[in-house]
Asks: 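Mind looking over this structure? Questions follow.
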Amino acid sequence: MISYETMLAAMEGSPVAAEEVLAFFDSYIDRLCTHAFVDDSGRVTYDVDTQRKTYLQGRLLAAILRYEA
């Protein structure tokens, strides 16, 4: 669980607090970004789409900074 103080610090722009928030949501974002990849031989593997994960992390940070308590 993220503490109230950590969220306030993240909203004020603290990079340490923002990292804690990202770490808290990391497994959830991984689940959202996991999908099937097909390689050249036709084999299907499931992995995290790192481009999509980076995008969602950026959106989360932007939302935190826009939020007013």
Side-chain angles (χ1 to χ4, degrees):
M1 188 58 119
I2 302 172
S3 70
Y4 180 73
E5 291 79 17
T6 302
M7 281 304 298
L8 283 178
M11 290 167 33
E12 292 172 357
S14 167
V16 174
E19 186 64 36
E20 287 184 40
V21 172
L22 286 176
F24 179 79
F25 287 105
D26 191 57
S27 62
Y28 178 67
I29 292 173
D30 279 349
R31 273 187 275 139
L32 290 175
C33 298
T34 300
H35 64 92
F37 290 97
V38 180
D39 63 10
D40 294 335
S41 64
R43 193 178 70 180
V44 177
T45 58
Y46 290 89
D47 203 3
V48 175
D49 182 348
T50 56
Q51 184 176 7
R52 185 180 295 172
K53 181 176 180 175
T54 303
Y55 172 77
L56 288 179
Q57 287 172 330
R59 295 289 300 222
L60 175 60
L61 290 175
I64 289 169
L65 292 173
R66 277 195 318 269
Y67 189 78
E68 295 179 16

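From a predicted model like this one, the values you see are computed outputs, not experimental measurements.
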Asks: Quick one: CD on Gln57 to OG1 on Thr54, what's the gap to the nearest 0.5 Å?
Replies: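 OG1 of Thr54 is found 5.5 Å from CD of Gln57.
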
Asks: When hydrophobic residues are tied together by side-chain contacts of less than 4.5 Å, even through go-betweens, does Leu65 share a cluster with Leu8?
Replies: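 No, it is not one cluster - the side chains of Leu65 and Leu8 are not joined through contacts under 4.5 Å.
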
Asks: Look up atom OG1 in Thr6 and atom CE in Met1, then write down how far apart they are to the nearest 0.5 Å.
Replies: 11.5 Å

Asks: Let me check something: do Leu32 and Phe37 share a hydrophobic cluster, defined by ILVMFWY side-chain heavy atoms less than 4.5 Å apart, either directly or through other members?
Replies: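 They do not share one cluster, since no chain of ILVMFWY contacts under 4.5 Å joins Leu32 to Phe37.
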
Asks: With rounding to the nearest 0.5 angstrom, report the CD1 to CZ distance, Ile29 to Arg59.
Replies: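 Between atom CD1 of Ile29 and atom CZ of Arg59 there are 12.0 Å.
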
Asks: Does Tyr55 have more than 12 heavy atoms from other residues, nucleotides or ligands lying within 6.0 Å of its OH?
Replies: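 No - once you tally the heavy atoms of other residues, nucleotides and ligands closer than 6.0 Å, there are 12 at most.
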
Asks: Rounded to the nearest 0.5 Å, how far apart are CE of Met11 and CZ of Arg66?
Replies: 12.5 Å

Asks: Might you work through the side-chain contact (heavy atoms from CB on, under 4.5 Å) test for Asp47 and Thr34, ending with a clear yes or no?
Replies: CA-CA 5 Å; Asp47 203 3; Thr34 300; over 6 Å; no

Asks: Can you give me the closest heavy-atom contact between Val21 and Leu60, atom names plus distance?
Replies: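 For Val21 versus Leu60, the nearest heavy atoms are CG1-CD2, 4.3 Å.
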
Asks: Using the rule that two of Ile, Leu, Val, Met, Phe, Trp, Tyr join whenever any of their side-chain heavy atoms come within less than 4.5 Å, decide whether Ile2 and Leu56 are in one cluster.
Replies: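 In one cluster with Ile2: Leu56, yes.
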
Asks: Let me see the working for Glu12 and Ser14 under side-chain contact (heavy atoms from CB on, under 4.5 Å), right down to the final yes or no.
Replies: CA-CA 6 Å; Glu12 292 172 357; Ser14 167; 6.0 Å; no

Asks: For a side-chain contact (heavy atoms from CB on, under 4.5 Å) check, start with the C-alpha distance between Val16 and Glu20, then their side-chain angles and the critical distance, and finish with the verdict.
Replies: CA-CA 6 Å; Val16 174; Glu20 287 184 40; 4.0 Å; yes

Asks: So do the side chains of Lys53 and Asp26 get within less than 4.5 Å of each other, counting heavy atoms only?
Replies: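 Yes; the side chains approach each other to less than 4.5 Å.
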
Asks: Quick check for you: to the nearest 0.5 Å, what is the distance between Arg52 atom CZ and Asp30 atom CG?
Replies: 12.5 Å

Asks: Looking at OG1 of Thr45 and CG of Asp39, how far apart are the two atoms once the value is rounded to the nearest 0.5 Å?
Replies: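 Result: 6.5 Å between the selected atoms.
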
Asks: Could you report the tightest heavy-atom contact between Ala17 and Ala10, atom names first, then the distance?
Replies: CB-N, 3.5 Å

